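As the structure is a prediction and not an experimental result, all values here were calculated from the model. Excluded from the calculations below are hydrogen atoms, water molecules and symmetry mates; all remaining heavy atoms, backbone and side chain alike, are included. Remember, it's 1-based here, ligands and their atoms both numbered in the order they're listed.
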Amino acid sequence: MLNADLHCHSYVSDGTLAPAELAARAKANGVDLWALTDHDEVGGLAEAREAADALGLPFVAGVEISVTWAGKTVHIVGLNIDEHDRTLREGLASVRGGRAMRGREIAGQLGQAGIAGAFEGALRHADNPEMLGRTHFARFLVEAGVRPSVTEVFRDFLVEGKPGFVPHRWATLEQAVGWIRSAGGVAVIAHPGRYPFTDLQRDALIDSFRKLGGTGIEVVTGSYTPDQYGEYARVAQQMGLLASRGSDFHGPAESRVDLGTLPPLPAGLTAVWHHW
Ligand code: AMP
Ligand code: MN
Ligand code: MN
Ligand code: MN
């Protein structure tokens, strides 16, 4: 079975490594099909492809798009995209456009909670200022000694009901799937087990996604417990979706699951890469 890892982040979004460093790490870990999927941004793909080519590592161009659906944030991964597609690029630029203002509001809330200088502090952790996000704020809060780790920051800050949470309107599901399809890619629902939906809402999401032309779902991801693999294998089968696998690796210091180290896809599924 192919060791495919089709979900990870470089410092072009909220990872800590360069695209070329990720390529080397994927190769060293035995990955044999690799995608870089930075949040709302394709700027790291050229470096990633060049590094992967030099290593003889088969590469897939990807992106992870932030979407608002039923008032919650959902992530849609695009795989095998043409990153030069204008519709995709303009769409992603529009999604990134709201991040600076949101960052100001996050910093304002943290200021009221007694934590000064968060905007500038988070920005220092963001190699790509257009992609300022909660992870960069979390790293700043660790650096400032507010909490010992990013995981612990996300328990007490930056999430719904806690200081530093700013409701935000991302792309619509229709836009995200449309941009990915415009770029010739396959749309995949990222880590479906992580959303605060009931089973009914989740099925409604998948239904809308499929009607829009989405065809894939992550079955094995770094953000699951092992019993969720079976659950989403069943969902993929019942809904007739292609199965994907990806670590969602963000960096050696922060990610529990390293590139290429996940269990294989459960049997009986059609892998998203089967016709590539
Ligand atoms: P943003 O797109 O700015 O809202 O940031 C979302 C990112 O925050 C995700 O892609 C994760 O990298 C990170 N994140 C969200 N929740 C958590 C969590 N509980 N623990 C660690 N990282 C998280
Ligand atoms: Mn992230
Ligand atoms: Mn995600
Ligand atoms: Mn991700």
For the Mn ion (ligand 2): the N/O/S atom of D14 at shortest distance: OD2
Carboxylate-amine/guanidinium proximity below 4.0 Å for D207 and K211: yes
Ion pair check, R25 and D5, cut-off under 4.0 Å: no
Test item: S255 side-chain N/O and D258 main-chain N/O as donor-acceptor pair under 3.5 Å: no
Distance criterion under 2.8 Å: protein N/O/S atoms around the Mn ion (ligand 4): 4
R99 and D40, any side-chain heavy atoms less than 4.5 Å apart: yes
pair R202-V235: side-chain heavy atoms closer than 4.5 Å: yes
Short side-chain donor-acceptor distance under 3.5 Å, H9 and E64: yes
